Amino acid sequence: MVSALPLISCIQKLVLYETKAHVYSNLEIQDLLGRLDGGNRARNSQKTVPGLSPSLSAYGILGFVRFLEGYYAVLVTRRRRVAELGGHAVYRVEDTSMVYLPSDTTRVQHPEEHRYVKIFQNVDLSSNFYFSYSYDLTHSLQHNLRRLAALGKTFTEQVCLSGNQDAGTGVDSVVIGARGSPCWKFVWNEQMLTHCSYLHYDWCLHIIHGFCAQSKLVIYGRPVYVTLLARRSCYFAGTRFLKRGANSQGEVANEVETEQLVHDASVSSLSHGMCSSFVQHRGSLPLHWSQDTSSMIPKPPITLDQADPFAYIPGLHFSHMLQRFGSPLIILNLVKRHECRRHESLLSGELGTAVSFLNQFLPPEHRIVVISWDMARHSKRKQCNVLDKLHEIAERVVRKTGFFVNRPDLDHSCLHVDERWTEIGGVITETSRLQTGVVRTNCVDCLDRTNTAQFVVGKCALAYQLYALGLLHAPTFELDTDAARLLEELYEDHGDTLALQYGGSHLVHRVRTYRKIAPWTSHSRDILQTLSRYYNNTFSDAEKQDAINLFLGVFRPSSTGLQLWDLTTDYYLHHPPHHTYSTHSFTCWWSPQVLSSLPLPYDEEEMDKKAITKIIVKGEEHGEDIDLYSEFVKPHQLTSFDMAFPLVMTSSSKDFTPKTPGVNASPFVVRKFEDSPKQVTISSRSTDEACVHRKTAASAPPCPAEEGDSSSDDEGSGSEGEDESSVSLRCSPARAPAIHQVPPPTIKGPDLPSRHPYGVDLSLPLDLDDQVTYTRYSVLGRQKARMEQQDVLGNLKPDFVLYPVSNFSQDSVFEAQCLFVPSLSNSIYQAHVEAAMGNLQPLSSADLFSFRQHTEQLCP
């Protein structure tokens, strides 16, 4: 079968291309550059810098933007590696540069140009924007792998039908490199890329906005990478109180797709190794509702702006979800249902009415499932455990939707049979297990309650993922384990980042808050976060919304029309005034092609060559543009071991497992929270500092070997060691400024007795018992060393034979042949087992005679 591999962009490398007609030597290249330099030298009448001068080096082009004058090129000048997905490096944008393209001599000045540039730069591109040269971050892992498999199958059929391949060349030797079309819903520079059609495709980058972090779960030395990737929709994007509900196209505010990826890093490749993914979704309630922020009150009243008796807007939204995720769609609604004064409950009732109307037209097996639970009300009860109730809901959700695994079910599930495994939903194919449907979690803001619920669902899914990969004996583990704490830290960073982007502050209520084990000092932090969120929503959200509208191309400046700051509202920018309902059916509210592919998503079932933007047929698998090993390891560059990315990420064995000797190193063992070495380090800091100093891949500082200057400082600064440099001066909102860290105390010999570090006073002479014990230990060690030098097989009994399993004679693993058991011993053992089960056998005459002799000796 034809192998399909993802293409790797070449913009990150310096490559010398040779033409078929002529190969340029170094002297000819210097001569060509010299002639260009001479042709661009300024004349006497011009006041510009003569000749060619190096401007900056970049790692990709984000696109071109124009306001009222000429075009600007937006370039990535600094990047940092934050994750590794099966050899695919994921980078975060650390710094960018805007270069004005037209010449200054032909530039026509406009008085408002500088103001637009300043508004555009208010969208901090160094704040949680991510890209990859070889992996499509806009699609899920299931979509990416199925697209490559479908493309390889299509080409295999075409090659077999054509019958024009060489006789000595089989189909298996054909390798193709492909790059698919992204999901433009999550590409934040889509508008800037519209002017890049004449550029080479490898030069342009697709960036997503959201969150990406990776941690390493060590299971008895076996590394398992747990990655959390969140992609925020660029449709109907904005701030908390200014973007609520849905627009007229069915796109909702604060829509984020979170993917939880688990990869067995023992094999780096995704196609040859084992990996799994689980997708969740969050977003505002798909209704026309808003909150009036003109009156400065903490909770503005909720109003329904438009009556929708036929659930047109919810139908559009759920139609998009069926097309992308398949069925079933499960809505976990955490909005309050019982209130003295109707506030959130108004939305909960409207959502239930809309879903009931839509479900009556769907087939019963594909209907939308709504799970409504008042999480805020139950959390106030003293005897109610919120996380236990959420865990019950999570079990139901994961069993219905299933999850993705790139391998068929292992024999592990047959050896360790669990009843819950047989109830897992999804679709099982010959090569993989697919997730169908998604759980959509929402509250009013989709921040605090939603993030806690997504953590519990993710924890339940992680247990099933590890069980499917053969790394866990049962699909469950407790909350007070290293694995759960590692995942909880990822989701807290995930929630903090998304809350900063939408609400303007960190999370107010965390997982520990709902578990009711948070320290009392966290209450002051919660109050400060609430005040920070209220201040940002009241005074700075309007400017932030203008910057987002300008960045995404929702508003396009014009010298003849109204300017951005003159608009009283941006409602008509997101809601077209001439929208009509006449062409939409209120009974068949879904897209016509969606229902035929359910429960699988239509976007994955109809993948063909139209979704592929570039295809290259290769004769070998180790070509430069498809070799992921060379791309990730970079053997052509000088690197050091301490620059390896896996050493920087959080590890369960390094940051959570206690260092006490004799402690069980399993990440699934229940321990106290204070036992982990990470908690000991954090306990010496304040609560706010602990939030800042989390060591996930998204917030951890780069290792010392990665520190360097920016790539735009000089011409020769474009090496790999400098692209993952220290944090840019333009800090991300998700990262607080650097806080002075107190150095750890050093142990000095003269100040502390030797018993303090070693547990025994070495200055005193040893006791006689200790000397005897040490002598026996040393003698035992010498004898064991002499035994290891002898022939192992020669010292064994003739009836006990060892067979080497591997081909290494010096250090091999042996298997033993079972010993021969006589028939008399077998009969005695069987009689003993039958007696234990109550099946007593009649005594023989010899046994009766022995019993009489025994009783006569006891009773003479």
Side-chain angles (χ1 to χ4, degrees), residues 210-211 228-233 236-241 243-246 252-260 278-287 289 291 299 302 317 321 325 329-337 343-345 347-348 351 369-379 386-387 389-394 396-398 401 438-461 487-515 526 529-530 533 537:
F211 175 79
L228 208 61
L229 178 63
R231 21 186 183 261
R232 179 179 293 277
S233 173
F236 202 54
T239 55
R240 181 187 177 196
F241 284 128
K243 286 294 166 285
R244 294 291 209 185
V252 297
N254 195 20
E255 183 176 3
V256 181
E257 181 181 309
T258 301
E259 185 177 9
Q260 179 178 295
F278 178 76
V279 179
Q280 301 185 64
H281 184 274
R282 72 164 69 180
S284 185
L285 280 81
L287 305 169
W289 65 280
Q291 289 180 272
K299 287 186 177 182
I302 296 176
H317 176 70
M321 293 190 66
F325 302 109
L329 293 182
I330 303 176
I331 302 175
L332 179 54
N333 183 25
L334 304 177
V335 177
K336 296 178 181 178
R337 293 189 296 171
H343 184 67
E344 296 184 12
S345 58
L347 300 176
S348 183
L351 177 65
V369 180
V370 180
I371 303 176
S372 298
W373 187 57
D374 194 342
M375 183 174 173
R377 183 182 182 185
H378 285 76
S379 63
V386 175
L387 265 65
K389 180 62 177 178
L390 285 175
H391 189 269
E392 296 178 5
I393 299 175
R396 295 166 51 191
V397 166
V398 175
T401 62
V438 73
V439 52
R440 185 190 191 277
T441 310
N442 69 265
C443 52
V444 175
D445 298 326
C446 298
L447 297 178
D448 301 344
R449 286 172 282 179
T450 299
N451 194 73
T452 301
Q454 284 194 334
F455 159 70
V456 178
V457 176
K459 172 189 167 296
C460 180
L487 189 68
E488 178 183 347
E489 185 175 275
L490 283 175
Y491 271 93
E492 284 202 353
D493 287 347
H494 165 263
D496 282 337
T497 304
L498 298 182
L500 275 170
Q501 296 168 5
Y502 183 66
S505 70
H506 289 89
L507 292 174
V508 177
H509 302 295
R510 304 175 179 273
V511 177
R512 294 174 61 84
T513 305
Y514 288 105
R515 292 186 65 187
D526 294 345
Q529 295 297 339
T530 303
R533 183 178 295 182
N537 297 154

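Since we're looking at a predicted model, the values are computed, not measured. Residue indices begin at 1 and follow the sequence shown.
Legend: residues meeting side-chain hydrogen bond (donor to acceptor under 3.5 Å, both in side chains) with Arg232, ordered by chain and number and at least two apart, are Asn254, Gln501. Listed by chain and residue number, nothing satisfies the side-chain hydrogen bond (donor to acceptor under 3.5 Å, both in side chains) test with Lys336 (two or more places apart in sequence, or in another chain).
Residues Arg282 and Asp445 are not paired through a salt bridge, judged by the lack of any N-O separation under 4.0 Å between the basic side chain and the carboxylate. The residues Asp374 and Arg449 are annotated as not salt-bridged, no charged nitrogen and carboxylate oxygen being separated by less than 4.0 angstrom.
Here the side chains of Ser284 and Trp289 are in contact, with some heavy-atom distance below 4.5 Å. Annotation: side chain of Phe278 is in contact with side chain of Thr401 (closest heavy-atom distance under 4.5 Å). Between Thr452 and His509, the closest side-chain pair of non-hydrogen atoms is not below 4.5 Å. Using a 4.5 Å heavy-atom cutoff, the side chains of Leu332 and His281 are not in contact. For the pair Leu351 and Ile331, the minimum side-chain heavy-atom distance is below 4.5 Å. Looking at Val439 and Val457, their side chains come closer than 4.5 Å, going by heavy atoms from C-beta outward. Side chains of Gln280 and Glu257 form no contact here, defined as non-hydrogen atoms less than 4.5 Å apart. By the 4.5 Å heavy-atom criterion applied to side chains, Thr258 and Leu229 are not counted as neighbours.
Taking each heavy atom of Tyr502 and Ala253 in turn, the nearest pair found is OH-CB, 4.3 Å. Pairing each heavy atom of Asn442 with each of Gly283, the nearest pair is CB-O, 3.3 Å. Scanning all heavy atoms of the two residues, the minimum distance from Cys443 to Leu285 falls at O-CD1, 3.4 Å.
Atoms CG and CG, from Leu487 and Leu228 in turn, are 7.0 Å apart once rounded to the nearest 0.5 Å. The CG atom of Leu334 lies 9.0 Å from the OG atom of Ser372; values are rounded to the nearest 0.5 Å. To the nearest 0.5 Å, the span separating CD on Glu392 from CG on Leu387 amounts to 11.5 Å. In this structure, CZ in Phe455 is found 5.0 Å from CD in Glu488, a value given to the nearest 0.5 Å. Distance check, rounded to the nearest 0.5 Å: CZ of Arg240 to CG of Leu447 gives 7.0 Å. Rounding to the nearest 0.5 Å gives a distance of 14.0 Å between CD1 of Ile371 and CZ of Arg440.
Side-chain atoms of Asn333 never come within 3.5 Å of backbone atoms of Trp373 as a donor-acceptor pair (strictly under, hydrogens ignored). Here the side chain of Tyr514 pairs no donor or acceptor atom with the backbone of Val386 at under 3.5 angstrom. Of the possible donor and acceptor atoms, none in the side chain of Gln291 sits under 3.5 Å from a partner among the backbone N and O of Phe241. Between the side chain of Ser348 and the backbone N or O of Glu344 there is no donor-acceptor pair closer than 3.5 Å.
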- [ ] Kindly determine whether Tyr491 and Gln260 satisfy side chain to side chain contact (heavy atoms under 4.5 Å, CB included), including the steps that lead there.
- [x] CA-CA 10 Å; Tyr491 271 93; Gln260 179 178 295; 2.9 Å; yes

- [ ] Assess whether side chain to side chain contact (heavy atoms under 4.5 Å, CB included) is satisfied between Leu500 and His506, documenting all intermediate values.
- [x] CA-CA 6 Å; Leu500 275 170; His506 289 89; 3.8 Å; yes

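Between Phe211 and His494, the ring planes lie perpendicular to each other; the angle is over 60°, past the 30° to 60° tilted range.
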